[in-house]
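Scroll down for the structure; my scribbles are underneath it.
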Amino acid sequence: MLIIETVPMLRREIRRWRQEGKRIAFVPTMGNLHDGHMTLVDEARARADIVIASIFVNPMQFDRADDLARYPRTLQEDCEKLNRRGVDLVFSPSPADIYPHGVATHTFVDVPVLSELLEGASRPGHFRGMATVVSKLFNLVQPDLACFGEKDFQQLAIVRKMVADMGYDIDIVGVPTVRAKDGLALSSRNGYLTAEERKIAPALHQVMQSLAEQLANGERHIDEMIAAAEETLQQRGLRADGLAICDAETLQPLTVDSKRAVILMAAWLGSARLIDNQQVDLTQ
Ligand SMILES: Nc1ncnc2c1ncn2[C@@H]1O[C@H](COP(=O)(O)OP(=O)(O)OP(=O)(O)O)[C@@H](O)[C@H]1O
Ligand SMILES: CC(C)(CO)[C@@H](O)C(=O)[O-]
Ligand code: BAL
């Protein structure tokens, strides 16, 4: 497995593989890898000749300096895991490789409307930073396909829109959320939870499942459902920070024509902000 830090060396390898006619799959990450990331790698491995993963804690997508400063960086362990999983190349640039003149003056990619809603409202600038780095990584890696987790539902929707709008010839593969046995979605930020908080954390998934059951049973008093869910989370020790039930296609409020809903959950538990989501078929 090659570990490459600079753009010129990455380009050299990509050029060689493209000349050989290899099909390239790409898995972008911010590192501190867990089984969720490994599932993305397996999906990529199954669909291509060459698998490239990136590990880059992208400063442009962090709206809080403290969040960026403490984001876990575990490059060596991450590379060992990726090597065992059959990845061909890890690209782990420094911020100076990606933003040679700094973040503030760098050209950005902004997907309007979708980026401003929900998580975008809670984390100003987050999706612009995410779309910019994903766009740049797509240009550098030139993959045939790229894998993203459904855990970051709005991120996946924004990437799909960017690819469609900008004409990238890249298949975007969404991978279902990988969970711990108790239902908690795996996430690097789960590492911030104390042992006590970790026991409480599955409440997020339980409350989400209860909302999904209500929707499946035909309940449509969305505001009351959300208010009750926030209350339950509070009783269980979590502080809701953006619960929403919307149309899974548009991320706008449900209408009578909506075919699929998505329940989007975000809540603080101690110093960790946890997110999760679940889709519900409304046509049954
Ligand atoms: N539990 C999971 N199941 C499936 N995919 C996941 C899971 N967690 C993360 N991913 C996906 O892995 C990719 C890289 O995500 P990232 O490196 O930010 O990991 P993360 O664990 O989500 O970290 P964070 O705690 O910052 O949200 C993204 O496409 C993300 O959706
Ligand atoms: C897609 C991504 C790697 C871009 O920095 C990041 O947002 C993530 O890890 O989900
Ligand atoms: N997995 C989403 C990246 C972020 O929280 O910044």
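Order of appearance sets the numbers: ligands from 1, and atoms from 1 within every ligand. Along the sequence shown, residues are numbered consecutively beginning with 1. This one's a predicted model, so the numbers in the text were calculated from it and none came from an experiment.
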Among all protein heavy atoms, pick the one closest to [atom] and tell me residue, atom and distance.
atom                    : answer
atom 11 (C) of ligand 1 : Leu40 CD1, 3.7 Å
atom 5 (N) of ligand 1  : Gly149 CA, 3.5 Å
atom 10 (O) of ligand 2 : Gln155 NE2, 2.8 Å
atom 23 (O) of ligand 1 : Tyr71 OH, 3.1 Å
atom 3 (N) of ligand 1  : Val178 N, 2.9 Å
atom 15 (O) of ligand 1 : His37 NE2, 3.6 Å

Measuring only between side-chain heavy atoms, which start at C-beta, is [X] closer than 4.5 Å to [Y]?
X      : Y      : result
Ile275 : Leu264 : no
Lys199 : Asp182 : no
Ile55  : His37  : no
Gln154 : Asn277 : no
Thr74  : Leu33  : no
Arg45  : Asp88  : yes
Ile172 : Phe148 : yes
Val133 : Tyr99  : yes

Give the atom numbers and elements of ligand 1 that come within less than 4.0 Å of a heavy atom of [X].
X      : value
Pro28  : 13 (C), 14 (C)
Met30  : 17 (O), 18 (O), 26 (O)
Ser188 : 19 (O), 20 (P), 21 (O), 23 (O), 25 (O)
Lys151 : 8 (N), 9 (C), 20 (P), 21 (O), 22 (O), 27 (O)

Single hit among Arg11, Arg15, Arg16 for salt bridge (charged side-chain N to carboxylate O under 4.0 Å, His left out) with Glu13: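 So the option named by the test is Arg16.
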Could an N or O of ligand 1 be found under 3.5 Å from any N or O of [X], whether backbone or side chain?
X      : answer
Leu186 : yes
Asp152 : yes
Phe148 : no
Arg189 : yes

Report, as yes or no, whether the 6.0 Å neighbourhood of atom [atom1] on [X] holds more than 12 heavy atoms from other residues, nucleotides or ligands.
X      : atom1 : answer
Gln252 : CD    : yes
Asp66  : CG    : yes
Gln235 : CD    : yes
Lys81  : NZ    : yes

Short list, please: which atoms of ligand 2 are under 4.0 Å from a heavy atom of [X]?
X      : result
Pro28  : 3 (C)
Thr29  : 3 (C)
Val133 : 4 (C), 5 (O)
Gln61  : 4 (C), 5 (O), 6 (C), 7 (O)
Met130 : 7 (O)

So among [options], which one has a side-chain contact (heavy atoms from CB on, under 4.5 Å) with [X]?
X      : options                     : value
Leu233 : Arg239, Met265, Met208      : Met265
Val141 : Ile52, Ile50, Ile170, Leu89 : Ile52
Phe56  : Ser92, Pro28, Pro93         : Pro93

Thr39 near ligand 1 by a heavy-atom separation under 4.0 Å: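 No, Thr39 has no heavy atoms under 4.0 Å from ligand 1.
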Ligand 1 contacted by Glu150 (non-hydrogen, < 4.0 Å): no
Pro72, Pro176, Gly31: member with heavy atom nearest to atom 4 (C) of ligand 1: Pro176
Identity of the nearest option to atom 25 (O) of ligand 1, non-hydrogen atoms only, from Gly191, Ser54, Ser187, Gly36: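 Nearest heavy atom to atom 25 (O) of ligand 1 lies in Ser187.
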Per-residue contact class, Met30 against ligand 2 - non-hydrogen pairs under 4.0 Å: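 Both of them.
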Stepwise side chain to side chain donor-acceptor pair (under 3.5 Å) test for Ser94 and Asp97: CA-CA 5 Å; Ser94 69; Asp97 290 302; 2.8 Å; yes
Residues Arg179, Asp35: salt bridge by 4.0 Å N-O rule: no
Asp63 and Arg128 ion-paired at < 4.0 Å: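 No, this pair does not count.
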Part of His34 with heavy atoms under 4.0 Å of ligand 1, whether side chain, backbone, both or neither: side chain
Set of residues that line ligand 3, where lining means a heavy atom lies under 4.0 Å from it: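 Residues Met30, Gln61, Arg123, His126, Asp152, Arg189 each place a heavy atom under 4.0 Å from ligand 3, listed by chain and number.
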N/O separation below 3.5 Å, Asn58 to ligand 2: no
